[in-house]
Amino acid sequence: MLEVEDTVDGRALRRWAELGVDSLERRRAEINSLNVFPVPDGDTGTNLLVTMRAAAGAIGGPVDGALTASAVAEGLARGAFAGARGNSGVILAQALRGVADSIAGLTSVDGRALADALASAAALVTRALSAPARGTIVSVLESAAEGAGRAARDPEATVCEVVVASADAAADALQRTTTQLDVLAEAGVVDAGGLGLSILLDCLVEVATGTRPHRHIRLSGAARPVPETTAADDHSQGSDHPHGSDRQEYEVMYLVEDSDEARIAALRPRLDALGDSVAIVAGGAGCWSVHVHCCDPGAAVEAGLAAGSLRRIDITCFALDAARRGCTDPVPAPPVAGDAGRAVLAVVAGDGTADLFEAEGATVLRADAMITPGRMLDAIRALPSRDVLVLPNGALSAQDVVAVGVRARAEGRDVMFLPSSSLVQGLASLAVHDPTRATVDDAFAMSEVASCVRWGSLRFATERALTWVGTCEPGDALGLSGHDVVVIEHDLVAAGVSLLGKILAAGGELVTMLVGADAPEGLAEQLAEYLDHRHPEIDVVVYRGGQRSDLLQLGIE
C-alpha cells in the first residue's frame, strides 16, 4: 500500500494503471451485463479492460524506477490509442490523452493539476464525439471533472481531497444515468461505461489515500439485458452500441494516417451522415482513430480513404455478432434455405451439430455412417431445389467432390461445393448464408467466411505414430491444427491450452467449441475459463455437438 502523499507521481500512476486492469478484469462480467443495448451480452467491460491493459503495457521503464507523471501518462495515452476497442475504449483512450497533454512536463501532480487534467480529459472527449449524450460514460467523466474542480478551488486542498471529490461526483453521476436514458430506465440499470470509469476513479482514490471506497449501486431493475428493442429507443453516444429506430447494423473502426486537421474535419460530417456514435480521436504524428456505427460499412471506409491512408480496419456486424453469441437477434431471420429456390446441404456428425445446422436452414446429411460419393449424390437428388450449395465439412476428398459435382450438374442441378473442411467452418459459413442474394454472391460470401476460420481439434491417439512434432503413443492427447498434429501431451486440458496458444498466435476474436460425444466432463469449461483469463477480449461460444470424430473441435474467427 502506498503512503498518503500530497502529489501523484509516475510510480503512483503506474500503480493506478495496474489496479485499474485488475479491477476491470474482476468486474468485467458485471459491466458487460449492464450493457443492455442492442445485444444482451454486451462487451463494454471487455472493451475497457482490453484498452486499459494496452495502456498499462505501454508505460515502459523499470517497475521500481523513477518515472515522471508526465512520462507515465504519455505511455498510457499512446498504449490506449493503439489498443482501443469499441466506443468505450476510444473514449477512455481520448480521456487518457487529455490527461497526458495537461500534465506534460510535470514530475508529479498536485490537486490543482489533477483537476485541470480531468477537465482537459472531459473537454477532449466531448470534442471527439459528434453527439455526446447525457447518461453515459461522457457525463460521468464531466461530473468527475466538475467535482475535482470544485475541490481544487480551495488553495489548501490536498490531492487526496481532490481525488475523493472527483470519484464521489462520478459515483453520483453514475447513479443518475439510470434516469437519463430511456433504455437504461427501462432496464433499471446504470450505464456500463460509466461504471467502468467510476471503478477506475476509485482505484485512483486507493492509490492516493490507501483505501478504496465501497460503493453500492442502486438498481431499479435486474442487471440483465433488454430482450428486444423498439423504435422508441433514442440515439445516444457514449455506450458501446447504437440506439434508435434507425438501427445501425455495423461498427466500423480504423486508423487514418498521413492526414491533417482539415481533412479530418471534413471526415466527421461525412460519417455523421452515414450513421451515429461517431468518435474521432487524435493520436499524434498525423494519425487519428475513427469509430462509427452505420448501415453501410463500405461507405464509411471510403470516407476514411478520402481523409488519408487507412490501416487496422475493423468491421463488426451487430446482428451476426449477437447470433454467434447465442443472443436474441432483433433483426428478422431470413427465410430458410430453399425458400428462394436454393438449398444448402451440410454433412454433419452428432445430434447437437445436426440441430445447429438445421436451425440455420440447412438440410442435413448425417455422417455417422461413412459418406460416399453415392450417398452425397442421392442427398442432392432428394432436394426440391435446382440450386444447391454443399458444405462437405471434410467428409469427402477433393476428387470425390469434383466427381459428385460433375454428375449432379449433368443431371440438371446447379451445384456448388463450398470450401468447408470442418464442422466449425461450416457453421461459420452458414451464419452468413442469405438466400435472397444471387447464388454466386451467396457462395462467395460463405466461402470467404469458411476460408477465414482457422480450426483445430483434440483427440486421443489410438496407436503409435510419427507426427510433425514427434512420436505419439496410444492414449496420448493430441492437438491438431487442421489435419496436422501440432501438440502431443499426456493431459487433454494441457493439450487444449497448448493448441489454443498455437492457433491464436495469429490473433482471433471468436472461439467456437464443438464438444464431442466422448469428451470428458468439464473439458470445454476449463478451456473457456483459460481463455477468459488469458484472452478476455475473445468471445467464446460452446456447443454440444455430439460428434464422435473429435473430442473437441475448435474454430477461430
Side-chain angles (χ1 to χ4, degrees), residues 249 298 317 319-320 323-324 329 331-350 353-453 455 482-483 512 514 545 547 549 553 555 557:
E249 299 177 2
C317 174
L320 179 57
R324 286 176 175 172
D329 187 348
V331 179
V336 298
D339 283 358
R342 183 184 321 142
V344 176
L345 178 66
V347 181
V348 305
T353 309
D355 290 342
L356 290 172
F357 277 87
E358 288 175 342
E360 293 294 330
T363 299
V364 164
L365 174 60
R366 294 295 294 263
D368 303 300
M370 180 178 293
I371 296 295
T372 64
R375 281 193 66 201
M376 175 70 77
L377 186 59
D378 287 342
I380 293 173
R381 288 168 173 162
L383 293 170
S385 304
R386 180 174 178 271
D387 290 343
V388 181
L389 301 180
V390 181
L391 294 168
N393 297 335
L396 287 178
S397 67
Q399 294 87 345
D400 287 340
V401 164
V402 171
V404 172
V406 169
R407 182 68 178 274
R409 284 187 286 273
E411 296 178 5
R413 301 273 185 166
D414 287 335
V415 177
M416 299 181 68
F417 283 82
L418 307 183
S420 61
S421 300
S422 63
L423 294 171
V424 286
Q425 286 180 315
L427 277 174
S429 176
L430 193 57
V432 299
H433 166 57
D434 183 354
T436 65
R437 286 188 295 219
T439 301
V440 291
D441 294 336
D442 197 24
F444 176 82
M446 295 174 70
S447 298
E448 186 176 39
V449 169
S451 64
C452 289
V453 175
W455 69 281
H483 299 289
T512 300
L514 200 60
Q547 73 277 10
S549 56
Q553 198 170 108
E557 298 177 56

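Hydrogens, waters and symmetry mates play no part in the numbers below; they use all other heavy atoms, side chains included.
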Looking only at non-hydrogen atoms, find the nearest pair between [X] and [Y] and report the distance.
{"X": "Gly555", "Y": "Val424", "value": "CA-CG2, 3.8 Å"}
{"X": "Ala445", "Y": "Val432", "value": "O-CG2, 3.9 Å"}
{"X": "Ala367", "Y": "Val347", "value": "CB-CG1, 3.6 Å"}
{"X": "Gly426", "Y": "Leu391", "value": "O-CD1, 3.8 Å"}
{"X": "Val449", "Y": "Ala428", "value": "CG1-O, 3.3 Å"}
{"X": "Leu430", "Y": "Ala362", "value": "CD2-CB, 3.8 Å"}

How many angstroms lie between [atom1] in [X] and [atom2] in [Y], if you round to the nearest 0.5 Å?
{"X": "Thr363", "Y": "Ile380", "atom1": "OG1", "atom2": "CD1", "value": "11.5 Å"}
{"X": "Asn393", "Y": "Ser421", "atom1": "CG", "atom2": "OG", "value": "8.5 Å"}
{"X": "Leu377", "Y": "Asp400", "atom1": "CG", "atom2": "CG", "value": "11.5 Å"}
{"X": "Leu396", "Y": "Ile371", "atom1": "CG", "atom2": "CD1", "value": "7.0 Å"}
{"X": "Leu345", "Y": "Phe357", "atom1": "CG", "atom2": "CZ", "value": "11.0 Å"}

Step by step, would you call Leu383 with Arg413 a side chain to side chain contact (heavy atoms under 4.5 Å, CB included)?
CA-CA 10 Å; Leu383 293 170; Arg413 301 273 185 166; 4.2 Å; yes

Side chains of [X] and [Y], heavy atoms from C-beta outward: is any pair under 4.5 Å?
{"X": "Arg407", "Y": "Arg381", "value": "yes"}
{"X": "Met416", "Y": "Arg342", "value": "no"}
{"X": "Leu356", "Y": "Leu423", "value": "no"}
{"X": "Val390", "Y": "Met376", "value": "yes"}

Checking Ser447 now: which residues fulfil side-chain contact (heavy atoms from CB on, under 4.5 Å) with it, not counting sequence neighbours?
Leu418, Pro419

[X] side-chain N/O to [Y] backbone N/O, donor-acceptor pair under 3.5 Å:
{"X": "Glu358", "Y": "Val364", "value": "no"}
{"X": "Glu360", "Y": "His433", "value": "no"}
{"X": "Gln425", "Y": "Ala450", "value": "yes"}

List for me each residue that meets salt bridge (charged side-chain N to carboxylate O under 4.0 Å, His left out) alongside [X], sequence neighbours excluded, and say none if there are none.
{"X": "Arg437", "value": "Asp442"}
{"X": "Asp355", "value": "none"}
{"X": "Asp414", "value": "Arg386"}
{"X": "Arg375", "value": "none"}

Which pairs pass salt bridge (Lys or Arg N to Asp or Glu O under 4.0 Å) with one or both residues in residues 421-432, sequence neighbours excluded?
none

Full working for side-chain hydrogen bond (donor to acceptor under 3.5 Å, both in side chains) between Asp387 and Ser385:
CA-CA 5 Å; Asp387 290 343; Ser385 304; over 6 Å; no

